[in-house]
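What follows is a set of notes on a single structure, which appears directly below.
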Amino acid sequence: MEDLNKTLQQRRQKAAEMADLGVNLYINDFKPLHSLRQALPQTAYDDPDSALGEGEFIVAGRIIAMRDFGKAAFLQLQDESGRGQIYIKKQEVGDEHFEIFKKLDIGDIIGCSGTLFRTKKGEPTIHVRSFTPITKSLRPLPEKFHGLTDVEIRYRQRYVDLIVNPEVRDTFRKRVQIIRLIREFLEERDYIEVETPMMHPIAGGATAKPFQTHHNALGMDLYLRVAPELYLKRLLVGGFERVFEINRNFRNEGLSTRHNPEFTMLEFYQAYATYLELMDLTEEMVTSICQKINNTLIIQFEEQPVDLSPPWKRYTMDEALHEVGGVSVDILADPDKTMALAKEKGLKLEEKAGPGKAKMELFDLLVEEKLINPTFITAYPTEVSPLARCNDDDPTVTDRFELFITGREIANAFSELNDPIDQRERLEKQVAERGDDEEVFPEVDYDFVRALEYGMPPAAGEGIGIDRLTMLLTNSPSIRDVILFPHLRPEAK
RNA sequence: GGGCCCUUAACUCAGCUGGUAGAGUAUCUGACUUUUAAUCAGAGAGUCGCGCGUUCGAGCCGCGCAGGGCCCA
């Protein structure tokens, strides 16, 4: 079975010795009255002359460092609020308790009570009057100085990562804060949060490969959703005029620093709005969140500054191709020349692909990665936007935008197509064209078309990838740094 | 899916041209009642990711596999 190495055996041995001394190794009746940060506030560190709290403090935490002097010791404790130092003296806690103290290990969770004092060097410290072991740790923690850097172990054993790398906890706290701020922002604007199905009979709302599952009692296949879009629009038909959902989407595709098979998406829809209003809304939402999270709008991402100060740059697809990508106006105006340029750049286009698809590919190649500061791209070709409303003046493009920051797509939005006949045609065309792809399970969602036939108010809708937004706002280069338990292959046995 | 790179003690890492496996931290023993990566003395700790091959001899060379990273599709 489990072949214990020496360290693990020693830990178990110590645990047994503690039990022999009458110690319950896993108690559940200790109530800390103060967090370490409450007992030892930041101001106590900032100002070495400041007065410390009076009276008894009762705290609990994990031992993360120990400096032992024989008859006394300094320990570094960590709880959710942070870290702090405690001082244990044999004379103070008594011989019997000091014997128990000697059996404690780094990693153990203990509780203690005591008063505050400053050490010779001025560090505020809890002078322990009594302590009690709360939870015994049977595994050694990574080294104190370098911490845990092996990314594989950091992701597989996130609990260890969280114990020893405090900045990781900060990132995930920020993530939660970001989501909370999004909720507040939308609720202030009369949006309501809804929950729509995660299991779909038809994989729709985005062209992505779905995960397939099966309902036994009903004897039917289901798909984990690739997007909630078609359900949220049904709610617009039903009369909810401002809805949003923050939840997981699942896409059965490759993994990368920007893709996890399950990821968190914000989608929101607003009746009687256009994509232009959503651009303003997005700018306001992201900047207000960034200001609250980072106290600045000029942030660092992978060693480079990113300026989120409004107003953000707005380009049409053609303008971006011309001004950022260096493609001449002459070429952009001529479908044949556009196609020729795409081929010249080595882009592989499918048989059916037209100039719209070619522009999209050219954009990916020549423009996307250069959009460091926030940039809205509008006027996407109709050819690549099956659910978006066509522009009234130029039906070859749609009333759509995408937002790029640090060369990454952060948001995708458009004025929604609400003509049921047009929508049915586009969906049927899409299914016909994808008929050969066995992994996409193409099928037209006729119930969605039926819903539109009842009449969906004009609306605009948007999706924002929460993981990517969190990456941006926490300076995390990999999506795995902002997902607590990212997907990995099974551990080798 | 393709290319390149990584995998050595619990952790962070060395290991030269193929010749008996190294350090720091952690751990254990001893000393030490104000340390800050405490200090001092000593000790133990390894299936060098897994498998096959080449060789008198492989952590190191070759092939395959697994896991991870980066880039590309």
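Predicted model only: the values in this text are computed from it and were never measured. Order of the sequence lines sets the chain letters (A, B, ...), proteins ahead of strands, with each chain counted from 1.
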For [N], does either OP1 or OP2 sit under 4.0 Å from a side-chain N or O belonging to [X]?
{"X": "A:Arg67", "N": "B:U35", "answer": "no"}
{"X": "A:Arg156", "N": "B:G68", "answer": "yes"}
{"X": "A:Lys6", "N": "B:U27", "answer": "no"}
{"X": "A:Arg489", "N": "B:G67", "answer": "yes"}
{"X": "A:Lys103", "N": "B:C28", "answer": "no"}

What is the separation between atom [atom1] on [X] and atom [atom2] on [N], rounded to the nearest whole Å?
{"X": "A:Lys89", "N": "B:C32", "atom1": "NZ", "atom2": "C1'", "result": "15 Å"}
{"X": "A:His487", "N": "B:G68", "atom1": "NE2", "atom2": "P", "result": "9 Å"}
{"X": "A:Asp150", "N": "B:U12", "atom1": "CG", "atom2": "C1'", "result": "10 Å"}
{"X": "A:Leu104", "N": "B:A26", "atom1": "CG", "atom2": "P", "result": "17 Å"}
{"X": "A:Asp68", "N": "B:U34", "atom1": "CG", "atom2": "P", "result": "12 Å"}
{"X": "A:Ile106", "N": "B:A37", "atom1": "CD1", "atom2": "P", "result": "14 Å"}
{"X": "A:Glu143", "N": "B:U12", "atom1": "CD", "atom2": "P", "result": "8 Å"}
{"X": "A:Arg12", "N": "B:C28", "atom1": "CZ", "atom2": "P", "result": "16 Å"}

[M] and [N], which share atom name [atom1], separated by this distance in whole Å:
{"N": "B:C56", "M": "B:C71", "atom1": "C1'", "answer": "43 Å"}
{"N": "B:A66", "M": "B:A21", "atom1": "C1'", "answer": "25 Å"}
{"N": "B:G64", "M": "B:G24", "atom1": "C1'", "answer": "36 Å"}
{"N": "B:A23", "M": "B:A14", "atom1": "C1'", "answer": "7 Å"}
{"N": "B:C6", "M": "B:C13", "atom1": "P", "answer": "14 Å"}
{"N": "B:G1", "M": "B:G57", "atom1": "P", "answer": "38 Å"}
{"N": "B:G59", "M": "B:G51", "atom1": "P", "answer": "13 Å"}
{"N": "B:C61", "M": "B:G68", "atom1": "P", "answer": "24 Å"}

Nearest to the side chain of [X], which nucleotide is it out of [options]?
{"X": "A:Phe145", "options": "B:A38, B:A37, B:G68", "result": "B:A37"}
{"X": "A:Lys14", "options": "B:C11, B:G67, B:C28", "result": "B:C28"}
{"X": "A:Ile153", "options": "B:G69, B:U35, B:C11", "result": "B:C11"}
{"X": "A:Phe69", "options": "B:U27, B:U33, B:G44", "result": "B:U33"}
{"X": "A:Pro140", "options": "B:A10, B:G68, B:U33", "result": "B:A10"}

Provide the Watson-Crick or G-U wobble partner of [N], both distances under 3.5 Å; none if there is no partner.
{"N": "B:G64", "value": "B:C50"}
{"N": "B:G1", "value": "B:C72"}
{"N": "B:U20", "value": "none"}
{"N": "B:A38", "value": "none"}
{"N": "B:A10", "value": "B:U25"}
{"N": "B:U33", "value": "none"}

Can you find a donor-acceptor N/O pair under 3.5 angstrom joining the side chain of [X] to the base of [N]?
{"X": "A:Thr125", "N": "B:U34", "answer": "no"}
{"X": "A:Thr7", "N": "B:U27", "answer": "no"}
{"X": "A:Glu123", "N": "B:U34", "answer": "no"}

Check every strand shown and say whether [X] touches a base, only sugar-phosphate, or nothing at a heavy-atom separation below 4.0 Å.
{"X": "A:Gln91", "answer": "base"}
{"X": "A:Leu141", "answer": "nothing"}
{"X": "A:Lys121", "answer": "base"}

Under a 4.0 Å N-O cut-off, is there an ion pair linking [X] with [Y]?
{"X": "A:Glu262", "Y": "A:Arg248", "result": "yes"}
{"X": "A:Arg37", "Y": "A:Asp79", "result": "no"}
{"X": "A:Lys103", "Y": "A:Glu99", "result": "no"}
{"X": "A:Asp467", "Y": "A:Arg175", "result": "yes"}

Checklist entry - Ring centroid separation for A:Tyr87 and A:Phe117, is it under 6.0 angstrom? => result yes
Item to check | Check: A:Tyr275 ring centre within less than 6.0 Å of A:Tyr380 ring centre | outcome: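 Judged by ring-centre distance (under 6.0 Å), A:Tyr275 and A:Tyr380 do not meet the cut-off.
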Next on the checklist: Check whether A:Arg480 reaches the backbone of A:Ser478 with its side chain - one donor and one acceptor, N or O, closer than 3.5 Å.
Outcome noted: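 Answer holds: no.
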Checklist entry - Would A:Glu462 and A:Thr282 count as having a side-chain donor-acceptor pair, cut-off 3.5 Å? => result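 A pair is found: one side chain offers a donor N or O, the other an acceptor, under 3.5 Å apart.
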Checklist entry - A:Gly147 or A:Lys90: which one's nearest nucleotide on RNA chain B is closer to the 5' end? => result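 Residue closer to the 5' terminus by nearest nucleotide: A:Gly147.
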Checklist entry - In terms of the nearest nucleotide of RNA chain B, which residue is placed more toward the 5' end: A:Ala72 or A:Ala65? => result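 On the 5' side of the pair lies A:Ala72.
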